[in-house]
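Worksheet for the structure shown next.
Just the heavy atoms: all of them, side chains too, but no hydrogens, waters or symmetry mates, feed the values below. Not measured: the values here are computed from a predicted model. Numbers here are sequence positions counted from 1.
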Amino acid sequence: MSKNDDNPNETIFSESVVGKRLSKVHKPGPMVLVFQGRSIPITSRITVGRDEDNTIVLDDPLASRHHAVIQKLKNEYFIEDLDSTNATFVNSKRVPLGKYLRLHPDDTILIGRTELSLRHLR
């Protein structure tokens, strides 16, 4: 018997009104980038491009050596195009140069011919 079992003020019955509301609360898991059969968790900052020093190295001739950066700030995700030759697109919308674009679950990122999807890790 745990310490909380003997104090009814420390527990909530799952059948109670509050318990039923709590059972419906789902905190989404961390976000991942899904591409070419791989999933990469976004924990802070990810760089994407052809060069070997990127977090995600793309074998795509239309991707720049240092194409884009994806950053997590608190529970928000942002992408910035790093002045790439062929631009970065999110849901077919061009990411403006010098600006971060907020990302959302199920967004599709296009870098060169490579498509990356943003998903919650389940």
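- Placement of Phe78 and Ile42 in two distinct hydrophobic clusters is found when ILVMFWY residues are connected by side-chain heavy-atom separations under 4.5 Å, directly or transitively.
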**Request:** In sequence, state the C-alpha distance, the side-chain angles, and the governing distance for Thr55 and Val48, and then conclude on side chain to side chain contact (heavy atoms under 4.5 Å, CB included).
**Result:** CA-CA 6 Å; Thr55 312; Val48 183; over 6 Å; no

**Request:** Start with the C-alpha distance between Val34 and Val32, add both sets of side-chain angles, then the distance that settles side chain to side chain contact (heavy atoms under 4.5 Å, CB included), and finish with yes or no.
**Result:** CA-CA 6 Å; Val34 179; Val32 294; 4.0 Å; yes

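- By the rule that hydrophobic residues join a cluster once side-chain heavy atoms approach within less than 4.5 Å of another member, Ile109 and Leu101 end up as members of one cluster.
- A distance-only check finds no donor-acceptor pair linking the side chain of Asn54 to the backbone of Ile56 [under 3.5 Å].
- One hydrophobic cluster, built from ILVMFWY side chains closer than 4.5 Å, cannot hold both Ile111 and Val69; they sit in different ones.
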**Request:** For the pair Tyr100 and Ile79, evaluate side chain to side chain contact (heavy atoms under 4.5 Å, CB included) and give the outcome as yes or no after the intermediate values.
**Result:** CA-CA 5 Å; Tyr100 282 92; Ile79 188 167; over 6 Å; no

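- Grouping the Ile, Leu, Val, Met, Phe, Trp and Tyr side chains by contacts below 4.5 angstrom, directly or via other members, places Ile40 apart from Leu110.
- By the 4.5 Å heavy-atom criterion applied to side chains, Pro105 and His120 are counted as neighbours.
- For the side chain to side chain contact (heavy atoms under 4.5 Å, CB included) with Tyr77, the qualifying choice from Leu103, Asp107, Leu33 is Leu103, the only one to do so.
- Note on Arg102 versus Glu76: salt bridge recorded, some NZ/NE/NH1/NH2 to OD/OE distance being below 4.0 Å.
- Taken to the nearest 0.5 Å, the CG atom of Leu97 stands 7.0 Å off from the OG atom of Ser84.
- In the hydrophobic cluster analysis, where Ile, Leu, Val, Met, Phe, Trp and Tyr join through side-chain heavy atoms closer than 4.5 angstrom, Phe35 is grouped apart from Phe89.
- The backbone N or O of Val95 sits nowhere less than 3.5 Å from a side-chain atom of Asp81 that would complete a donor-acceptor pair.
- Summarising the local packing, CG of Asp53 is surrounded by more than 12 heavy atoms from other residues, nucleotides or ligands at distances under 6.0 Å.
- Looking only at atom types and distance, the side chain of His66 has no donor-acceptor partner in the side chain of Thr47 under 3.5 Å away.
- Comment: Asp106 engages Arg119 in a salt bridge, judged by a side-chain N to carboxylate O separation of less than 4.0 angstrom.
- A donor-acceptor pair is defined here as one N or O able to donate and one able to accept, closer than 3.5 Å; no such pair exists between the side chain of Arg65 and the backbone of Asp51.
- For Thr108 (side chain) and Ser117 (main-chain N/O), no donor-acceptor pair under 3.5 Å exists by modelled atom type.
- Contact check for Thr43 versus Lys72: no side-chain heavy atoms found under the 4.5 Å cut-off.
- A donor-acceptor pair is defined here as one N or O able to donate and one able to accept, closer than 3.5 Å; no such pair exists between the side chain of His67 and the backbone of Leu58.
- In this structure the side chain of Lys99 never reaches within 4.5 angstrom of the side chain of Glu80, judged on heavy atoms.
- One N or O on the side chain of Asp60 and one on the backbone of Arg113 form a donor-acceptor pair closer than 3.5 Å.
- With Asn86 contributing its side chain and Leu62 its backbone, the two residues share a donor-acceptor pair below 3.5 Å.
- Note that CE of Met31 is 10.0 Å distant from CD1 of Ile70, once rounded to the nearest 0.5 Å.
- For the pair Gln71 and Arg45, the tightest heavy-atom approach, listed with the atom from each and the gap, is OE1-NE, 3.3 Å.
- Side chains of Asn91 and His104: no donor on one and acceptor on the other come within 3.5 Å.
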